[in-house]
Novice: 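Got a structure for you, questions after.
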Amino acid sequence: MPTIFEKIIAGEIPATIVHQDDRVTAFRDISPQAPVHVLIVPNKPIPTVNDVGEEDERMLGHLFIVARDIAKKEGIAENGFRLIINCNKHGGQVVYHLHMHLVGGQALGPMLSGGTHG
Ligand code: 5GP
């Protein structure tokens with residue numbers, strides 16, 4: 001079964017695309033947690049970080065370059081932002097197509113909430 005992100009990448013369901021090339025697609029999160037909340041997604045459907053392979057190294061480096069460029073375009077590079085990749089149940093992953101959250105546009109506060117280790 002293709003994930004919702006595969007359908008967005010293929011243009012089968014709508015999303016606000018901010019970048020697309022032969023390796024990655026970036027679009028605005030449907031439920032933004034900050035003034036800027038963009039998801040940067042490999043076009044290749046890798047389910048989780050656990051499934052990343054050596055052959056993905058260049059594409060994942062490119063994902064960071066795209067994140068850098070989007071942060072600059074969105075005007076949040078200078079003040080700063082956060083990149084998040086959730087993995088599996090404890091990481092809070094909901095969509096099983098690897099993706100990086102780019103969030104910013106305001107002070108984001110502590111890195112984790114609800115933890116029991118300080
Ligand atoms: P995860 O918890 O898996 O790291 O995050 C999944 C993210 O995908 C969530 O922030 C959620 O709001 C976003 N999302 C889920 N479905 C859709 C959708 O159909 N369109 C868009 N643009 N974002 C989605």
Side-chain angles (χ1 to χ4, degrees):
M1 275 291 284
T3 65
I4 196 94
F5 290 175
E6 276 178 83
K7 292 179 184 169
I8 289 172
I9 292 161
E12 289 166 13
I13 64 162
T16 306
I17 307 272
V18 298
H19 174 91
Q20 186 161 44
D21 61 40
D22 60 332
R23 287 175 282 178
V24 304
T25 300
F27 50 90
R28 295 198 191 280
D29 197 290
I30 203 167
S31 176
Q33 304 298 307
V36 175
H37 188 170
V38 172
L39 301 173
I40 309 164
V41 178
N43 294 340
K44 175 183 171 184
I46 302 166
T48 80
V49 172
N50 292 332
D51 304 300
V52 163
E54 301 295 329
E55 70 280 9
D56 299 318
E57 208 172 311
R58 278 177 63 83
M59 179 277 291
L60 291 169
H62 179 62
L63 201 105
F64 272 87
I65 297 294
V66 169
R68 177 201 66 186
D69 290 348
I70 294 172
K72 195 172 176 193
K73 266 190 210 141
E74 297 284 329
I76 61 171
E78 187 88 356
N79 281 334
F81 54 88
R82 189 170 288 159
L83 300 174
I84 303 164
I85 300 177
N86 296 321
C87 180
N88 278 344
K89 193 170 61 176
H90 281 190
Q93 186 171 5
V94 173
V95 179
Y96 280 77
H97 182 132
L98 182 68
H99 52 281
M100 178 188 276
H101 298 253
L102 165 61
V103 285
Q106 65 183 31
L108 296 168
M111 190 170 72
L112 299 176
S113 64
T116 56
H117 290 274

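For ligands, and for the atoms within them, numbers begin at 1 and follow the listed sequence. In this chain, numbering begins with 1 at the start of the sequence shown. Keep in mind the model is a prediction, meaning the values are calculated, not measured.
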Novice: By the rule that ILVMFWY residues connect when side-chain heavy atoms come within less than 4.5 angstrom, directly or transitively, which residues belong alongside M1?
Specialist: none
Novice: Which atoms of ligand 1 have any heavy atom of I8 under 4.0 Å away?
Specialist: 20 (N)
Novice: Considering heavy atoms of the protein only, find what lies nearest to atom 8 (O) of ligand 1 and give residue, atom and distance to 0.1 Å.
Specialist: F5 CZ, 3.4 Å
Novice: Is it the side chain, the backbone, both or neither of I85 that has a heavy atom closer than 4.0 Å to ligand 1?
Specialist: neither
Novice: Hey, looking at atom 24 (C) of ligand 1, which of I30, I13, V41 has the closest heavy atom?
Specialist: I30
Novice: May I ask whether Q33 has any heavy atom positioned less than 4.0 angstrom from an atom of ligand 1?
Specialist: no
Novice: At what distance, to the nearest 0.5 angstrom, does CG of N43 lie from CD1 of I9?
Specialist: 5.0 Å
Novice: Would H37 count as a polar contact of ligand 1, with the cut-off being nitrogen or oxygen pairs under 3.5 Å?
Specialist: no
Novice: Using a 4.0 Å cutoff against the non-hydrogen atoms of F27, which atoms of ligand 1 qualify?
Specialist: 22 (N)
Novice: Looking only at protein heavy atoms, which one is nearest to atom 2 (O) of ligand 1, and what is the separation?
Specialist: G92 O, 2.9 Å
Novice: Answer side chain, backbone, both or neither: which part of Y96 comes under 4.0 Å from ligand 1, heavy atoms only.
Specialist: neither
Novice: What's the shortest distance from atom 22 (N) of ligand 1 to any protein heavy atom, and which residue and atom give it?
Specialist: R28 O, 2.9 Å
Novice: Under the ring pair (Phe, Tyr, Trp, His ring centres under 6.0 Å) test, which residues partner F5, sequence neighbours left out?
Specialist: F27, H99
Novice: Which residue supplies the protein heavy atom nearest to atom 19 (O) of ligand 1, what is that atom called, and how far is it?
Specialist: I4 CG1, 3.5 Å
Novice: Mark up the atoms of ligand 1 that fall under 4.0 Å of a heavy atom belonging to S31, in ascending order.
Specialist: 12 (O)
Novice: Looking only at atom types and distance, does a side-chain atom of D56 sit under 3.5 Å from a main-chain N or O of G53, one as donor and one as acceptor?
Specialist: yes
Novice: Specify the closest pair of heavy atoms between L98 and T48, including all atoms of both residues, with the distance to one decimal.
Specialist: CD1-C, 4.1 Å
Novice: Closest heavy-atom contact between V52 and I46?
Specialist: N-CG2, 4.1 Å
Novice: What is the closest protein heavy atom to atom 10 (O) of ligand 1, and at what distance does it sit?
Specialist: D29 OD2, 2.5 Å
Novice: For atom 1 (P) of ligand 1, what is the closest protein heavy atom, and at what distance to 0.1 Å?
Specialist: H99 NE2, 3.1 Å
Novice: Does any part of the side chain of L39, heavy atoms only, come nearer than 4.5 Å to the side chain of H101, both counted from C-beta?
Specialist: yes
Novice: Within a distance under 4.0 Å of any heavy atom of V95, pick out the atoms of ligand 1 and give their elements.
Specialist: 3 (O), 6 (C)
Novice: Looking at H97 and P45, what are the two nearest heavy atoms and their distance?
Specialist: CE1-CA, 3.5 Å
Novice: Report, in ascending order of atom number, the atoms of ligand 1 lying under 4.0 Å from any heavy atom of N86.
Specialist: 1 (P), 2 (O), 4 (O)
Novice: Which of the numbered atoms in ligand 1 are under 4.0 angstrom from any heavy atom belonging to H101?
Specialist: 1 (P), 4 (O), 5 (O), 7 (C), 10 (O)
Novice: So, the side chain of D21 versus the backbone of R23: is there a donor-acceptor pair under 3.5 Å, distance only?
Specialist: yes
Novice: I'd like to know if A15 contacts ligand 1, where contact means a heavy-atom distance under 4.0 Å to any ligand atom.
Specialist: no
Novice: Q106 and P35: which non-hydrogen atoms are nearest, and at how many Å?
Specialist: OE1-CD, 3.4 Å
Novice: Work out which heavy atom in A71 is nearest to a heavy atom in F81; give both atom names and the distance.
Specialist: CB-CE2, 3.5 Å
Novice: Say whether, by atom type as modelled, one donor and one acceptor occur between the side chain of E74 and the main chain of G105 under 3.5 angstrom.
Specialist: no
Novice: Going by the atom numbers of ligand 1, which of them fall below 4.0 Å from some non-hydrogen atom of V94?
Specialist: 1 (P), 2 (O), 3 (O)
Novice: Applying a heavy-atom cut-off of 4.0 Å, say which part of L39 lies close to ligand 1: side chain, backbone, both or neither.
Specialist: side chain
